[in-house]
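Take a look at the structure set out below.
We count residues from 1, following the sequence as given.
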Amino acid sequence: MERYYSYSRFLKEYFGEKIYKICLDGGFTCPNRDGSLSTLGCLFCSEGGSGEFAEQAHLSITEQIIKGKQQTANKYQGEKYLAYFQAFTNTYAPVEKLRTLYEEALNREEICGLIIGTRPDCLPEEVLDLLEELQSKKPVFLELGFQTCHDKTARFLNRGYDSIVFADAVKRCAEHKIRVSAHIILGLPGESMEDQYETIHFLNKLPISGIKISMLYLLKNTPLAAHYEKHPFPLYTMEEYVDVLVGCLERLRPDIVIERITGDGPRKLLIAPEWILHKRYVLNTIQKELKLRNTYQGKNYV
């Protein structure tokens, strides 16, 4: 019995086969970094803009794809890939620059679609029009950073927008027939278990198709790490994370795809908690707990 709607299952259903992602760096920045909103960035975000697993930005998109294929050859012998624009805010540029980068990826035969990570406040209508146009050729999926529905927590994180902005962006994406996934973080400072369930309820009411769930972890050279050093706060143990996660899954709308269910920050940058480095063990523990409780995604969805 599959106890949640896994990403691997979704990809096989959508594309008819296993698909592998190639993480790309399009050379973008972020309004939360360049001074438009702030120069700090979101407190938890790494120096690489969450793109540590992406290829190098000085390479062309074509070169990055070729290199990505070479590096994944020992893991994946298929012929189809998703081009994942991952680092920083990947719609934060003039629309013609976006078109050039996206089309360079889409024009390659082995690329069967795009994944674009961005912010909900960086989706003007002309960008959504472009994405809708490109989607007539190959699928385009958006990933939006969200983290929490609680604006008080978001202000602490220096997220730079209120939750109503996220909700509006998701609805506009739906009008353009663009699939959207939301990123959330469990274990944020000051948030109770019920607060985190409220984030799930908030998302359930929106036309999102996927969710990426992570626990809060600390990376070197981030504002959050500096804050933690001066003002320590509790970080989840693995058992605490699994407990809250299972509760979130039980309340999550059953049609939402679970695209990530744990975090795995770069080993060389990770400060704490160290247990997240044992990803396979964490995943097995989650499955074991779901089975032990005889529960599943959407069991308590209302």
Side-chain angles (χ1 to χ4, degrees), residues 6-30 33 45-119 122 127 130-145 178-181 183 210 212 219 257 259-260 263-270 279-280:
S6 69
Y7 193 45
S8 59
R9 174 184 150 200
F10 164 75
L11 290 177
K12 287 180 181 178
E13 290 175 348
Y14 195 97
F15 293 103
E17 60 184 296
K18 183 176 180 179
I19 303 293
Y20 205 88
K21 289 188 290 188
I22 297 176
C23 298
L24 307 175
D25 188 334
F28 295 96
T29 182
C30 173
R33 300 270 189 132
C45 194
S46 67
E47 290 180 301
S50 298
E52 280 73 25
F53 301 109
E55 298 297 334
Q56 297 172 317
H58 71 270
L59 300 174
S60 71
I61 296 301
T62 296
E63 289 170 331
Q64 290 186 49
I65 290 171
I66 292 171
K67 188 176 179 182
K69 287 171 61 179
Q70 292 170 346
Q71 292 181 344
T72 60
N74 62 332
K75 302 177 185 177
Y76 176 64
Q77 283 73 50
E79 298 178 352
K80 298 296 182 182
Y81 298 83
L82 288 166
Y84 182 15
F85 285 86
Q86 182 183 32
F88 295 102
T89 303
N90 292 275
T91 58
Y92 187 51
V95 71
E96 285 312 311
K97 177 182 177 180
L98 299 179
R99 179 186 292 278
T100 298
L101 292 172
Y102 298 160
E103 287 187 340
E104 183 176 352
L106 285 176
N107 286 340
R108 293 193 60 86
E109 185 177 354
E110 70 269 52
I111 298 300
C112 60
L114 296 183
I115 306 173
I116 300 169
T118 190
R119 293 169 56 93
C122 292
V127 170
L130 170 64
L131 299 182
E132 186 174 18
E133 175 194 336
L134 295 177
Q135 186 153 250
S136 65
K137 304 173 184 178
K138 293 180 181 179
V140 176
F141 304 148
L142 275 184
E143 293 185 0
L144 301 183
I178 300 168
R179 182 184 186 277
V180 172
S181 300
H183 289 223
K212 283 191 166 184
L219 297 178
V257 179
E259 300 184 13
R260 182 178 64 203
D264 55 346
R267 183 181 294 269
K268 64 182 179 181
L269 296 178
L270 183 68
K279 186 173 182 179
R280 177 52 53 189

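Residues passing the salt bridge (charged side-chain N to carboxylate O under 4.0 Å, His left out) test with K279, sequence neighbours excluded: D264. Not a single side chain to side chain donor-acceptor pair (under 3.5 Å) links T89 to another residue, sequence neighbours left out. Scored by the salt bridge (charged side-chain N to carboxylate O under 4.0 Å, His left out) test, E103 finds R99, K137 as partners (sequence neighbours excluded). Residues passing the salt bridge (charged side-chain N to carboxylate O under 4.0 Å, His left out) test with E259, sequence neighbours excluded: R179. For E110, the side chain to side chain contact (heavy atoms under 4.5 Å, CB included) criterion is met by I65, K69, Y81, R108, not counting sequence neighbours. Partners of F28 according to the ring pair (Phe, Tyr, Trp, His ring centres under 6.0 Å) rule, which considers only residues two or more places apart in sequence or in another chain, do not exist here. For Y92, there are no ring pair (Phe, Tyr, Trp, His ring centres under 6.0 Å) partners at least two apart in sequence or on another chain. K212 pairs by the salt bridge (charged side-chain N to carboxylate O under 4.0 Å, His left out) definition with E143, not counting sequence neighbours. Residues meeting the side chain to side chain donor-acceptor pair (under 3.5 Å) test with E132, sequence neighbours left out: H176. Partners of T72 under the side chain to side chain donor-acceptor pair (under 3.5 Å) rule, at least two apart in sequence or in another chain, do not exist in this structure.
Side chain of K138 to main chain of L106: a donor-acceptor pair is present (N/O by atom type, distance under 3.5 Å, no hydrogens or angles).
Listed here is the closest heavy atom pair of E17 and K80: OE2-CG, 3.7 Å. Contact record, L24 with Q64: CA-OE1, 3.4 Å, taken as the closest heavy-atom pair. Nearest heavy-atom pair, R119 versus C30, reported as atom, atom and distance to 0.1 Å: CD-SG, 3.7 Å. Here the shortest heavy-atom pairing between I61 and G26 reads CD1-CA, 4.4 Å.
Under the salt bridge (Lys or Arg N to Asp or Glu O under 4.0 Å) criterion, no residue pair touches residues 84-95, with sequence neighbours excluded.
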Identify each donor-acceptor pair in which a side-chain atom of residues 7-16 lies under 3.5 Å from a protein atom, sequence neighbours left out, and give them as a table.
{"residue": "S8", "atom": "OG", "partner": "S6", "partner atom": "OG", "Å": "3.3"}
{"residue": "R9", "atom": "NE", "partner": "E13", "partner atom": "OE2", "Å": "2.9"}
{"residue": "R9", "atom": "NH1", "partner": "E2", "partner atom": "OE1", "Å": "2.8"}
{"residue": "E13", "atom": "OE1", "partner": "Y5", "partner atom": "OH", "Å": "2.6"}

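A heavy-atom distance below 4.5 Å is not found between the side chains of V140 and Y102.
The 12-atom threshold is not exceeded at CD of E79, counting heavy atoms of other residues, nucleotides or ligands nearer than 6.0 Å.
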